[in-house]
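Numbering of residues begins at 1 and proceeds along the displayed sequence. Just so you know, these numbers use all the heavy atoms, side chains as well, and skip hydrogens, waters and symmetry mates. Quantities reported herein were computed from a predicted structural model and do not represent experimental measurements.
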Amino acid sequence: MTPEVRRQTYIRASPEEVYDALATADGLDSWFTSGATVDPRPGGEITYRWVDWGPRRISTTAPGTVHEAVRPSRFVFERDSGDEHPTTVEFDLEARDGRTVLHLREHGFSSGDRGMRAALDEASGWGEAMTLVKFRIEHGLRY
C-alpha cells in the first residue's frame with residue numbers, strides 16, 4: 001500500500017479568494033512563500049520559494065509542474081516531496097454556504113520506508129500550511 005496525505009479545513013471565504021491564495025504567486029507570497037512563481041496552466045511551472053522560513057530559518061525552493069488550474073474549484077500540480085520521485089498535490093475547493101471547504105490530497109509517494117517518511121513529513125507540513133492560509137484569509141495574519 002502506498003501512503004498518501006489527505007487534509008481538509010473550512011475557510012470563511014469564497015472559493016475564489018481561497019483559490020487565489022493557493023494558485024497565484026501573489027496569493028502564496030501573502031501567507032507562505034517569498035518569491036513564488038505560478039504559471040497557472042497545464043504544463044506551466046510552479047515554484048515555491050522560502051527565505052528564512054520557520055524555526056530552522058530554511059531558505060529553499062520547490063519546483064513543480066501545474067496539471068490542472070480550474071478557478072475556483074481545483075488546482076493540481078506535481079512537485080518534489082523528498083521522496084524518490086515527484087508527488088501530485090490536489091486542491092479541491094467545495095463551496096458551502098458562501099464559504100469554502102478546502103480539500104487537499106497528495107499522492108504518488110513510493111511504497112517503501114522513504115515514501116512513508118516523506119508522506120509523514122508532508123502531512124505535518126500541510127496541516128501547518130492549511131492553518132496558515134486559513135488564518136491569513138480569515139484574520140489577515142501572516143507568519
Side-chain angles (χ1 to χ4, degrees), residues 1-54 56 58-112 114-143:
M1 183 162 120
T2 58
E4 67 177 43
V5 174
R6 289 183 180 264
R7 313 287 282 171
Q8 66 179 10
T9 193
Y10 180 77
I11 301 175
R12 291 178 180 90
S14 71
E16 290 83 4
E17 188 175 356
V18 175
Y19 184 93
D20 290 347
L22 298 169
T24 69
D26 287 343
L28 287 166
D29 284 350
S30 78
W31 65 275
F32 191 45
T33 56
S34 301
T37 60
V38 180
D39 179 355
R41 6 170 226 163
E45 292 182 11
I46 181 170
T47 303
Y48 284 24
R49 284 187 181 81
W50 295 276
V51 177
D52 294 329
W53 176 256
R56 295 184 310 192
I58 294 170
S59 294
T60 190
T61 60
T65 304
V66 174
H67 289 280
E68 294 180 56
V70 183
R71 186 178 188 265
S73 60
R74 186 166 165 80
F75 187 68
V76 179
F77 61 98
E78 184 179 273
R79 69 185 203 93
D80 180 2
S81 67
D83 194 5
E84 297 169 0
H85 47 79
T87 57
T88 301
V89 176
E90 302 176 6
F91 288 116
D92 287 295
L93 294 83
E94 172 190 347
R96 188 179 295 172
D97 301 323
R99 311 295 169 83
T100 304
V101 178
L102 173 60
H103 301 270
L104 170 127
R105 176 179 178 232
E106 184 172 7
H107 56 93
F109 296 96
S110 62
S111 59
R114 184 173 178 175
M116 183 59 75
R117 280 192 305 277
L120 290 171
D121 285 346
E122 292 304 313
S124 174
W126 282 122
E128 179 180 9
M130 291 178 79
T131 299
L132 291 173
V133 72
K134 176 182 176 64
F135 282 20
R136 174 63 178 167
I137 292 170
E138 290 184 2
H139 306 290
L141 301 175
R142 179 181 163 84
Y143 169 81

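Looking at residues two or more places apart in sequence or on another chain, you find a ring pair (Phe, Tyr, Trp, His ring centres under 6.0 Å) between Trp126 and Phe91. Under the salt bridge (charged side-chain N to carboxylate O under 4.0 Å, His left out) criterion, Asp20 pairs with Arg71, not counting sequence neighbours. Partners of Glu128 according to the side chain to side chain donor-acceptor pair (under 3.5 Å) rule, which considers only residues two or more places apart in sequence or in another chain, do not exist here. Residues that satisfy the salt bridge (charged side-chain N to carboxylate O under 4.0 Å, His left out) test with Arg136, not counting sequence neighbours, are absent from this structure. Take Phe135 and apply the ring pair (Phe, Tyr, Trp, His ring centres under 6.0 Å) test, not counting sequence neighbours, and it matches His139.
A heavy-atom distance below 4.5 Å is found between the side chains of Leu22 and Trp31. Proximity of Val18 to Val133: side-chain heavy atoms (C-beta onward) are nowhere separated by under 4.5 Å. With contacts defined as side-chain heavy-atom distances shorter than 4.5 Å, the pair Thr9/Thr131 does not qualify.
Here Glu17 contributes atom CD and Leu93 contributes atom CG; the two are 11.5 Å apart, rounded to the nearest 0.5 Å. Between the OG1 atom of Thr47 and the CG atom of Leu28 there is a distance of 10.5 Å, given to the nearest 0.5 Å. Thr2 contributes atom OG1, which lies 9.5 Å from atom NE2 of His107 (distance to the nearest 0.5 angstrom). In this structure, Arg99 CZ and Ile11 CD1 are separated by 11.5 Å, a value rounded to the nearest 0.5 Å. From Thr87, atom OG1 reaches atom CD of Glu78 across 7.5 Å, with rounding to the nearest 0.5 Å. Between Glu106 atom CD and Arg79 atom CZ the span is 4.5 Å, to the nearest 0.5 Å.
Considering Arg74, Arg105, Arg6 as possible partners of Asp92, the one that fulfils the salt bridge (Lys or Arg N to Asp or Glu O under 4.0 Å) test is Arg74. Tested against Leu102 for a side-chain contact (heavy atoms from CB on, under 4.5 Å), the candidates Met130, Arg7, Glu94 yield a single pass: Met130.
Between Phe77 and Tyr48, the angle of the ring planes lies from 30° to 60°, which puts this pair in the tilted group.
Contact between Ser73 and Tyr19 at its shortest, heavy atoms only, is N-CD1, 4.3 Å. Residue Ile137 comes nearest to Ala13 through the heavy atom pair CG2-CB, 3.3 Å, listed as atom of the first residue, atom of the second, then distance. Between Ala69 and Pro40, the shortest heavy-atom contact is CB-O, 3.3 Å. In this structure, Ala36 and Thr33 approach most closely via the heavy-atom pair CB-OG1, 3.3 Å. Shortest non-hydrogen contact noted between Phe109 and Pro3 is CD1-O, 3.4 Å.
Under the 3.5 Å distance criterion, the side-chain polar atoms of Ser124 are left unmatched by any main-chain donor or acceptor of Leu120. Under a 3.5 Å cut-off, the side chain of Glu138 and the backbone N or O of Arg12 do form a donor-acceptor pair. In terms of modelled atom types and a separation under 3.5 Å, the side chain of His85 and the main chain of Gly108 share a donor-acceptor contact.
Screening residues 41-52 for salt bridge (Lys or Arg N to Asp or Glu O under 4.0 Å), with sequence neighbours left out, gives Asp39-Arg41.
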Go through the steps for Ile46 and Val38 under the test side chain to side chain contact (heavy atoms under 4.5 Å, CB included), then give the verdict. CA-CA 4 Å; Ile46 181 170; Val38 180; 3.9 Å; yes
